[in-house]
There are 2 protein chains.
Amino acid sequence: MNQFNLDTAIKVLGNTPDTLYALFRSLPNDLIHANEGEATWSPFDVVGHLIHGERTDWIPRLKIILFEDDKHFAPFDRFAQFENSKDQTLLHLLFEFKVLRANNLEYLSSLHLSETDWDKEGIHPEFGSVTVKQLLATWVTHDLGHIAQISRVMAKQYKEDVGPWNQYISILNS
Amino acid sequence: MNQFNLDTAIKVLGNTPDTLYALFRSLPNDLIHANEGEATWSPFDVVGHLIHGERTDWIPRLKIILFEDDKHFAPFDRFAQFENSKDQTLLHLLFEFKVLRANNLEYLSSLHLSETDWDKEGIHPEFGSVTVKQLLATWVTHDLGHIAQISRVMAKQYKEDVGPWNQYISILNS
């Protein structure tokens, strides 16, 4: 693909909530809550993590770059979902994610960012200077990475069942 | 997760067409046709591959196990989509996949397979005896593996754009 395109990035980000709804539709709880072993995340955990990103990561960091004098980002809590998602249903989380995402993308569109804005910088707590464009591109790849993760976690629940096909299905061995 | 459950497997398989519709909605052609380099598949190619599986792989092999005297499977053509998808639009392919999948799952449900049927065997061209259960579980993981692949291929188009976040997004380095 060619250069970064904000319109395309917004479309990919806008597709994620319905992708998750479709991927999870009618599935039983044992599959939604299954993981890849100790200290790994279930599909349910991943949705909570995406919600926390909508609240505290992507748009808040964009606002720091664009509007704050102090350009330092707050560190992102990668484990907040274990407390926040407790006692929630998956459908509730999916709805919450869909609303937060829609609001965040509406806000992002309303900024009418120009290519000049893409180069503005914030300070990441671990690796220093990052640009608006890098933040937005990371938001997109972060979504796609977690869709792939959810697919992998669900696939692995069938690892024993596939028998000799195990060698052909690379996701089972990743 | 616990033991193989046919009802759950059918639900996962039934979700895939709408998952793909949602994942691809409104995306531009350059992203749909992007790949991971020479001799790798684009999201568009993967949908054609899934269609070919509906036509020639999963249900035809199940029928061989259940109803044929000769239990040998025909080899599956992993490259058929390059000819079959030519000059098609993505929307056309998605619709074709959705109809084929719905028909195949309706047929599968109509068989009312019992756990006794799950152990019936066919002969795979490369690794010999395989069971109905292994075939069905592989069908499920094959879907999920290709959803993950599509996500990965799209994510990789942003590999240069994410800058220092590259190290945090493992899908970009897989």
Side-chain angles (χ1 to χ4, degrees), chain A residues 1-5 7-9 11-12 14-28 30-31 34 124 127-131 133-138 140-145 147-149 151-152 154-165 167-172 174, chain B residues 1-5 7-9 11-12 14-28 30-31 34 124 127-131 133-138 140-145 147-152 154-159 161-165 167-172 174:
Chain A
M1 213 172 68
N2 301 322
Q3 288 187 305
F4 182 75
N5 180 306
D7 186 52
T8 299
K11 282 175 176 157
V12 177
N15 286 350
T16 303
D18 286 345
T19 299
L20 297 179
Y21 270 107
L23 194 53
F24 292 137
R25 190 179 53 203
S26 307
L27 298 186
D30 60 348
L31 192 51
H124 187 279
F127 38 76
S129 280
V130 289
T131 67
K133 184 173 93 169
Q134 289 166 351
L135 178 69
L136 296 175
T138 302
V140 173
T141 60
H142 180 267
D143 265 30
L144 294 168
I147 292 168
Q149 176 188 19
S151 302
R152 183 185 73 233
M154 296 206 296
K156 283 191 178 173
Q157 310 312 313
Y158 293 87
K159 188 172 168 64
E160 300 304 319
D161 296 321
V162 302
W165 267 290
Q167 62 188 294
Y168 269 23
I169 307 285
S170 58
I171 199 171
L172 298 176
S174 60
Chain B
M1 213 172 69
N2 301 321
Q3 288 186 304
F4 181 75
N5 180 304
D7 187 50
T8 299
K11 282 175 176 157
V12 178
N15 286 350
T16 304
D18 285 345
T19 300
L20 296 180
Y21 269 107
L23 193 54
F24 291 137
R25 189 179 54 202
S26 307
L27 298 187
D30 59 348
L31 192 50
H124 187 279
F127 38 76
S129 281
V130 289
T131 68
K133 185 173 92 169
Q134 289 166 350
L135 177 70
L136 296 176
T138 302
V140 173
T141 60
H142 180 268
D143 265 30
L144 293 167
I147 291 168
Q149 176 188 20
I150 289 167
S151 303
R152 184 184 73 232
M154 295 206 296
K156 283 192 179 172
Q157 310 313 313
Y158 293 88
K159 189 171 169 63
D161 296 322
V162 302
W165 267 289
Q167 61 188 292
Y168 269 23
I169 308 286
S170 59
I171 199 172
L172 298 176
S174 61

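Model, not experiment: these values are computed from the prediction. Each chain gets a letter, A, B and so on, in the order the sequences are listed, and its residues count up from 1.
- Considering only heavy-atom pairs separated by less than 4.5 Å from chain B, the leading option among A:Gly14, A:Pro17, A:Ala148 is A:Ala148.
- Summarising the geometry of A:Tyr158 relative to B:Ala137, their closest heavy-atom pair is CD2-CB, 4.1 Å, with the distance given to 0.1 Å.
- Here the straight-line distance linking atom CZ of B:Arg152 with atom CD1 of A:Ile147 works out to 14.0 Å at 0.5 Å rounding.
- Inter-residue side-chain proximity for B:Val12 and A:Leu31 is flagged as met; some heavy-atom pair is nearer than 4.5 Å.
- Between the side chain of A:Thr19 and the main chain of B:Leu23, a donor-acceptor pair closer than 3.5 Å is present.
- Inter-residue side-chain proximity for B:Leu27 and A:Asn15 is flagged as met; some heavy-atom pair is nearer than 4.5 Å.
- Taking the side chain as every heavy atom from C-beta outward, A:Asp161 and B:Val140 never approach each other to under 4.5 Å.
- Minimum heavy-atom separation, A:Pro164 to B:Val130: CG-CG1, 3.6 Å.
- When each of A:His124, A:Lys159, A:Lys156 is scored by its heavy-atom pairs under 4.5 Å with chain B, the top score falls to A:His124.
- Looking at B:Gln149, there are no atoms closer than 4.5 Å to chain A (heavy atoms on both sides), in backbone or side chain.
- Heavy-atom distances place no part of A:Glu160 under 4.5 Å from chain B, backbone and side chain included.
- If you measure heavy-atom distances from A:Ser170 to chain B, you find no contacts under 4.5 Å at all.
- Contact count against chain B (heavy-atom pairs under 4.5 Å) is highest for A:Leu135 among A:Thr16, A:Thr131, A:Leu135.
- Residue B:Ser151 forms a side-chain contact (heavy atoms from CB on, under 4.5 Å) with just one option from A:Asp143, A:Thr141, A:Leu144, and that option is A:Leu144.
- Counting heavy-atom pairs closer than 4.5 Å to chain A, the top residue among B:Asp18, B:Thr138, B:Ile169, B:Ile171 is B:Thr138.
- Residue B:Asn5 holds its CG atom at 13.0 Å from CD of A:Gln157, rounded to the nearest 0.5 Å.
- Residues satisfying the ring-ring contact (aromatic ring centres under 6.0 Å, His included) criterion with A:Tyr168, sequence neighbours excluded, are B:Phe127.
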